Protein chains: 2
Amino acid sequence: MLTERQLLILKAIIDDYIRSAEPVGSRSVSKREDISYSPATIRNEMADLEELGFLEKPHSSAGRIPSQKGYRYYVDHLLSPELLNNSDIVDIKSMFAQKIHEVEQLIEQSAQILSNLTSYTSIVLGPEVFDTTLKHLQIIPLTKEAAVAIIVTDTGHVEKQAVDIPQGMEVTDIEMMVNILNERLKGVSMLELRGKIFSEVGNVLKMHISNYKDTMQMLEKSFTHEKNDHVFFGGKTNIFSQPEFRDVEKVRQLLEMFEEKQLVHQIFRSDSSGITVKIGQENKLEAIDNCSVITATYTADGKHLGTIGILGPTRMEYQRVIGVLDYLSKDMTNTLTKLYQRNK
Amino acid sequence: MLTERQLLILKAIIDDYIRSAEPVGSRSVSKREDISYSPATIRNEMADLEELGFLEKPHSSAGRIPSQKGYRYYVDHLLSPELLNNSDIVDIKSMFAQKIHEVEQLIEQSAQILSNLTSYTSIVLGPEVFDTTLKHLQIIPLTKEAAVAIIVTDTGHVEKQAVDIPQGMEVTDIEMMVNILNERLKGVSMLELRGKIFSEVGNVLKMHISNYKDTMQMLEKSFTHEKNDHVFFGGKTNIFSQPEFRDVEKVRQLLEMFEEKQLVHQIFRSDSSGITVKIGQENKLEAIDNCSVITATYTADGKHLGTIGILGPTRMEYQRVIGVLDYLSKDMTNTLTKLYQRNK
DNA sequence: TGTTAGCACTCTAATTGAACGAGTGCTAAA
DNA sequence: TTTAGCACTCGTTCAATTAGAGTGCTAACA
């Protein structure tokens with residue numbers, strides 16, 4: 001167990017390092033207002049903290065920097081939940097003051113404001129299809145063989161997918177089919193949609209449609225969508241201003257990760273309600289082993305919708321970021337809950 | 001006017017520099033197979049070429065590098081149209097062998113293959129709305145006040161836009177209106193669409209719809225779309241492997257440009273048929289003053305559709321890039337012409 | 001017993017200077 | 001007109017030096 005004084009010193013060092021990005025020496029710690037020990041005393045404590053694994057030295061004659069374990073302890077035990085300052089709150093409020101009737105718009109604005117307020121890079125995962133229901137399905141023939149299938153969810157999300165028209169199917173057949181589908185499937189959760197093609201409308205269609213197999217294939221494809229669309233960035237270049245990214249190779253690695261939406265989704269997705277902090281290698285990805293990821297989830301009606309998060313260096317302003325994320329995720333939840341209720 | 005020998009030497013130097021990214025000295029030029037002069041002679045010619053503005057020195061005891069004027073001359077007079085090598089052609093062909101029934105798919109693949117073949121960054125501007133016609137319009141109410149308007153073009157392009165539902169308008173009203181609009185506007189060029197709302201359907205709607213003014217506003221908004229969606233990148237990080245981008249600040253500047261789709265559009269858009277080469281500061285943008293942009297246009301039925309282009313360092317393999325762009329743009333034109341004809 | 005002053009020691013970053021080499025420009029000879 | 005030769009320039013590299021920040025240890029102090 002750490003002593004009171006060790007906690008004080010550990011916090012002081014991490015705070016300092018977060019601000020300056022320079023190794024912190026005993027002298028500068030002892031100069032702080034809230035610390036009244038001599039450099040020598042501090043040095044002794046620092047040596048102990050290093051032995052315990054909370055600090056490390058870049059080299060033998062440098063000051064100390066926090067280890068991953070140090071950051072972890074800092075985040076878990078030394079942070080007091082910070083109240084946001086007023087101007088931040090005003091910024092966020094002003095965003096929600098606008099009329100918002102589309103989820104995507106809200107998401108994009110949130111990503112924007114998040115990166116502006118924190119000057120790190122923000123990543124917002126849009127509502128997953130699961131939690132939304134079908135509002136409207138449309139299949140629009142372009143040529144004899146090709147069509148585009150469009151799906152609109154109750155949240156105003158639009159997905160499109162190119163499909164082949166089954167041999168021998170006429171425009172009128174398609175219209176009829178789409179009508180049947182809309183009648184039967186409207187309001188069905190997107191999660192169940194693919195299953196219900198068979199259970200609910202399969203038999204009906206079989207009666208009306210000649211080329212049953214191809215048609216089913218077409219419908220299956222219509223309902224297939226990628227998760228790519230659900231990843232939004234804010235301030236993509238912000239993080240590159242951090243001194244941690246002076247090296248072009250690091251920049252490239254991260255950029256390449258940004259391009260792989262699938263991967264980003266995997267790294268940022270969070271289920272657990274509340275704030276999640278992943279520090280350095282806890283993220284299990286080399287490109288961000290000197291980064292931390294802080295995420296929060298937003299919900300509606302208690303149902304998990306998506307994730308908002310910040311990517312910054314491990315030397316991140318945890319307290320502030322957590323404050324902003326907490327506040328913003330709650331505001332998003334509020335707004336979305338209203339939005340969803342209206343749609344019912 | 002440059003002498004035969006000066007041309008030979010200028011070309012040798014630029015070729016060398018493009019390959020090595022290192023200033024080229026007289027000795028290494030004289031060693032080339034196609035050059036039979038001594039270093040001293042080369043030096044004299046180099047001094048002359050420098051005086052004429054085609055070459056410059058990074059410092060007094062370094063070799064020469066091409067100036068912007070040098071590149072310009074090289075591109076305009078020293079390039080022989082290169083035949084693509086076979087493996088490139090195979091790569092491109094294999095892409096077009098796939099079944100393509102959606103324009104966007106073709107665009108994205110083209111961007112991909114372009115960056116793979118050149119190892120620079122490719123940028124493809126999708127077909128502008130202008131040249132396409134309306135296939136289908138749909139307005140789907142989400143709540144009492146909000147709806148989403150969806151437009152499908154004959155090329156399979158889907159655009160969506162959130163709109164407000166005018167006071168007092170019922171779901172049945174919307175359905176009726178959408179029917180009228182589809183009847184009257186199907187096949188109309190997207191360019192004329194906004195105008196025709198008033199001229200063609202304005203009167204009819206006035207008869208049926210109570211809240212005329214708000215309705216028109218909603219329709220206007222439905223037909224308003226941004227150009228953002230039409231910019232596609234391939235190999236975004238490729239260019240950062242170039243030694244020109246060892247400096248993080250340069251990387252950041254370029255990345256920020258990438259985010260501004262509007263700006264990218266403006267820089268890359270090309271009207272003139274054939275290949276366009278813009279070298280260094282000819283691009284009038286600081287972020288890319290050490291880059292060159294080569295673009296080609298693709299068409300269908302002789303109508304300008306969009307632009308494909310490459311962004312690389314001024315020290316770019318012009319000959320090869322021009323060859324690839326030329327070949328690919330023609331293949332795209334072919335494919336699209338077929339695609340459009342089928343849609344008629 | 002906990003705290004602190006003092007001091008030798010360590011290591012890095014910055015600076016200097018010498019040696020090197022690539023390349024030039026000029027001159028004079030072929 | 002071409003080229004060999006040579007002095008000169010300038011950037012790069014490497015080692016040596018220095019300055020400074022910081023540590024760890026010891027001994028004295030409260």
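The figures that follow rest on heavy atoms only: side chains count, while hydrogens, waters and symmetry mates do not. Since this is a predicted model, take the numbers as computed values, not measurements. Each chain gets a letter, A, B and so on, in the order the sequences are listed, and its residues count up from 1.
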- Query: Any side-chain donor-acceptor pair under 3.5 Å between B:Thr237 and A:Glu256?
  - Reply: yes
- Side-chain atoms of A:Tyr37 come closest, of C:dC11, C:dG25, C:dT3, to C:dT3
- Among C:dT24, D:dG24, D:dG5, find the nucleotide with the atom closest to the side chain of B:Ala40. D:dG5
- Among C:dA5, D:dT23, C:dA22, find the nucleotide with the atom closest to the side chain of A:Ser38. C:dA5
- State which of C:dC11, D:dG24, D:dC10 makes the closest approach to the side chain of A:Ser60. C:dC11
- Item | N or O in side chain of B:Arg5 less than 4.0 angstrom from D:dT2 OP1/OP2 | yes
- Quick one: on DNA chain D, does A:Gly63 or B:Arg43 contact a more 5' nucleotide (nearest heavy atom)? B:Arg43
- Message: Categorize A:Ala62 for me: base, sugar-phosphate, or nothing, with a 4.0 angstrom heavy-atom threshold over every strand shown.
- Response: sugar-phosphate
- Under 3.5 Å, is there a donor-acceptor pair between the side chain of A:Thr314 and the main chain of A:Gly280? no
- Taking only the side-chain nitrogens and oxygens of B:Ser26, find out if one of them lies under 4.0 Å from OP1 or OP2 of C:dT24. yes
- Query: Can you say whether the rings of A:Phe240 and A:Phe245 are parallel (under 30°), tilted (30 to 60°) or perpendicular (over 60°)?
  - Reply: perpendicular
- Message: If the cut-off is 4.0 Å, is A:Lys57 near the phosphate of C:dT12, judged by side-chain N/O to OP1 or OP2?
- Response: no
- Decide side chain to side chain donor-acceptor pair (under 3.5 Å) for B:Asp88 and B:Tyr327; before the verdict, give the C-alpha distance in whole Å, the side-chain angles of both, and the deciding distance to 0.1 Å. CA-CA 10 Å; B:Asp88 290 351; B:Tyr327 193 94; over 6 Å; no
